[in-house]
Each structure stands twice: as structure tokens, then as C-alpha cells.
Protein chains: 2
Amino acid sequence: MAEDQEIRKVGLKVTGPRVKILELLEKYDDRHVSAEDVYRMLLEAGEEIGLATVYRVLTQFESAGLVERHNFEGGYSVFELSRGQHHDHIVCIVCGKVVEFTDDTIEERQQAIAEENGFEIGDHSLTLYGRCRDPECPGKQGAITTPSG
Amino acid sequence: MAEDQEIRKVGLKVTGPRVKILELLEKYDDRHVSAEDVYRMLLEAGEEIGLATVYRVLTQFESAGLVERHNFEGGYSVFELSRGQHHDHIVCIVCGKVVEFTDDTIEERQQAIAEENGFEIGDHSLTLYGRCRDPECPGKQGAITTPSG
DNA sequence: CAGAACAATGCAAAAGCTTCTCATTTTCTT
DNA sequence: AAGAAAATGAGAAGCTTTTGCATTGTTCTG
Ligand SMILES: [Mn+2]
Ligand SMILES: [Mn+2]
Ligand SMILES: [Zn+2]
Ligand SMILES: [Zn+2]
């Protein structure tokens, strides 16, 4: 299996949980999932992998460069498969939709700003928050969902 | 007192804790402090204000536009007095030093990108992470110590 | 292919930050 | 000064994430 090789390549042992988690991330490579998401999706697929293991594996995958972790607002992290090319995010504060983008001008300016200020930049986090114009977005129907129901 | 007016102006009752917290934020207006920082600094100054109150007041001040909350990496929030003009941050991952900057080019690009993607932008979070070249920074002496203790 | 060495897992407990509950105190308005 | 409404403090609770430890699984060697 392709996943086995990827896992071995980064110096990790090939175990059931690691393979299943990598497969899931590949299957949902257009989403940004939390550890809890991964845990639950695997449960629903019949894979009983402990939440602690999900956290551990995601962190290992991140260290290995296989996945990226983002800290959008909300107090928890979301993960996605690394796709080589760097990108930033726009998040709809109403429906949670996430759109990705890259902008060379912004990237260049960031580098310049870091240098001007005597910093050697490692990475950066840029996230735009707003409301999307998706007709499906509950924000359009005026029905801001409240947790009362 | 000037603080009393500011607090009243935003529709909050003038109470000891609110005045003391606002005074402290004004005194340390060149820093980015956590709720815990505020709590401890007040304690050391002889003001026994509960941590829960510090959190509540900071959140109220934020809603009122008096302070801004930032979620740098590390899982906790830091606060600073609002100074009208928007700015972003560079954080040294070694010593925790924070430098502020603004860049019109980046701001414009963000707006354009949001529109291109059908988003109405509320706000954004841009933080650069790297190592500073400050000779005082422990990173220079090889002794990596975490600023949060 | 068995066996040993070592790493990974699951569960529960704990951590770390933040919010909530509720009895008590304080503010602000008559 | 008194009452209504809001704020506070202390601790409990909530949430996401990490950790300890006994158990299980993987890999390597022979
Ligand atoms: Mn992404
Ligand atoms: Mn700032
Ligand atoms: Zn939306
Ligand atoms: Zn530094």
C-alpha cells in the first residue's frame, strides 16, 4: 500500500491507526478536520482508534511534514494533508466554510517586513474571517443558528 | 478619573476591578498580556481581583472595543489596548518578543482576495513567527528557554 | 518463523486555559 | 437611604489536548 511507504519513509512504524488516519486524510483532502472529527469519522467507519492516538498520530504526521495544523478561532486545531504548496485561508464565521488562497504579493511583503524588523521568519499564519455569499450559508436566510433548540 | 469616563462611555458600570484592569492595560500599553498576566500583576500590586473577573472584564472590554484579543500560538489569548489603528504582529518563537507592523499592500490584497472569493471580510489574523536578532534573545546564546514558564 | 527489543496503543487521569454557577457584595437609581 | 439590577469571587465545570502506564503490536535477528 502507498500509505505504508509514506509512513515508513518518514521514519514511523506502519501501524493500523497510522494507516487508517492517513487514508482518511487522503479521502477528505478537501477538508480541514479536527482530531475529534478524525476520531469520530473513523468510529463511524468501524475503526476503533483511541482519541489519544489520533492526537499523537496527527502530531507525528505534522512533525514529519505529512500534515499541516492550523489554529483557526475556536480553540481547537484543524489538520489537512500537506500539499507542498503553501496557502492561507478564508473562513466564514457563519457556516464555517473554508476557502484557500495564495498571494505572492502578500508573501513577498511578509518576508520584507520580517527583514526590516530583524527577524528570520520561520512561518506565518494568515486567516481572513468574514461571511461568505454562498446561498446555502445560514447567514443568508437571517436564521443565525442558536444553540437553544 | 479618565478611566471612569471610558468605562461609562461604553455602557459598563464603573467598578473597582474594571478601573484597575483598565489602568493596568494603560500602564503596560506596549505589551501583550494574558488574562493570567493581568491577574498576577494586579495581585502583586495588592489588588485581589478574581481570575474569573479578569476574564469577564477583558471579554467585556473587547466587546466594547476597548481592547483587542489575539490568539498567538500556545493556546491562550493575549490582550492589548485598542489604539484605533489596525496592526499585525511578528512573534519571536524563542524569546516571545512581539513586534507590531502595518502594511497597506497586504491589507489591500486581503480585501481584494476576499472579494474575489465572494466573502465579506470582518477581520483577519496575520502573525509572522520567527527568530529575532536581538542579542538579548536566548536563542543567540543557545539556551532555549520558553517564555511562558 | 520464533523471540527479543522496543515502540505504539487505549484508557483513564490530568493538564491548561477559559467559562459558568451561585451566594454575596457593589453600583446606580429613586 | 433603600431597592433593583448588575458585578464579583471562589470554586466547579467544560473543552481540547497531553500524559502515565499496562498491554499489545511491529520490526529485526537468528
Ligand atoms: Mn488549507
Ligand atoms: Mn499588538
Ligand atoms: Zn458561510
Ligand atoms: Zn527572540
Legend entry - Phosphate OP1/OP2 of dT17(D) contacted by S77(A) side-chain N/O (<4.0 Å): yes
Inset, instruction - Would you confirm whether the ring centroid of H89(A) sits within less than 6.0 angstrom of the ring centroid of F72(A)? - result: yes
Legend entry - Joint hydrophobic cluster, V57(B) plus L24(B), side-chain heavy atoms closer than 4.5 Å: yes
Inset, instruction - Please list residues of residues 13-42 of chain B whose heavy atoms come under 4.0 Å from any atom in DNA chain D, ordered by number; otherwise none. - result: K13(B), T15(B), P17(B), R18(B)
Inset, instruction - Select from F79(B) and V57(A) the residue whose nearest nucleotide in DNA chain C is closer to the 5' end of that strand. - result: V57(A)
Legend entry - Short side-chain N/O contact from Y55(B) to OP1 or OP2 of dT18(C), under 4.0 Å: yes
Inset, instruction - Compute whether any side-chain donor of one residue and acceptor of the other, for R18(A) and T53(A), lie under 3.5 angstrom apart. - result: no
Inset, instruction - Send over the distance from I7(B) CD1 to dT26(C) C1', rounded to a whole Å. - result: 14 Å
Inset, instruction - May I have the distance from I49(B) (atom CD1) to dT26(C) (atom C1'), rounded to whole angstrom? - result: 14 Å
Legend entry - E73(B) backbone acceptor or donor facing Y129(B) side chain under 3.5 Å: yes
Legend entry - Aromatic plane relationship, H87(A) with H70(A) - under 30° parallel, 30 to 60° tilted, over 60° perpendicular: tilted
Inset, instruction - Report the distance from atom CD of E73(B) to atom C1' of dG16(C), rounded to the nearest whole Å. - result: 17 Å
Legend entry - Nearest-Å distance for atom pair CD/P, residues Q60(A) and dT17(D): 16 Å
Legend entry - Euclidean distance, atom CZ of residue R56(B) to atom C1' of dC17(C) [Å, nearest integer]: 16 Å
Inset, instruction - Check S77(B) against N71(B) and note the closest heavy-atom contact, atom names and distance. - result: OG-ND2, 2.9 Å
Legend entry - Whether over 12 other heavy atoms sit under 6.0 Å from Y76(A) OH: no
Inset, instruction - Give the nucleotide from the list dT18(C), dA8(C), dT9(C) with an atom nearest to the side chain of L51(B). - result: dT18(C)
Inset, instruction - Give the rounded distance in Å between these two atoms: CG of D4(A) and P of dA8(C). - result: 15 Å
Legend entry - Spacing of F72(B) atom CZ relative to dC17(C) atom P, expressed in whole Å: 16 Å
Inset, instruction - For R8(A), answer base if it contacts any base atom (sugar-phosphate contacts may also be present), sugar-phosphate if it contacts only those atoms, and nothing otherwise; contact means non-hydrogen atoms under 4.0 Å. - result: sugar-phosphate
Legend entry - Interatomic distance, L12(B) CG vs dA5(D) C1' [rounded to whole Å]: 14 Å
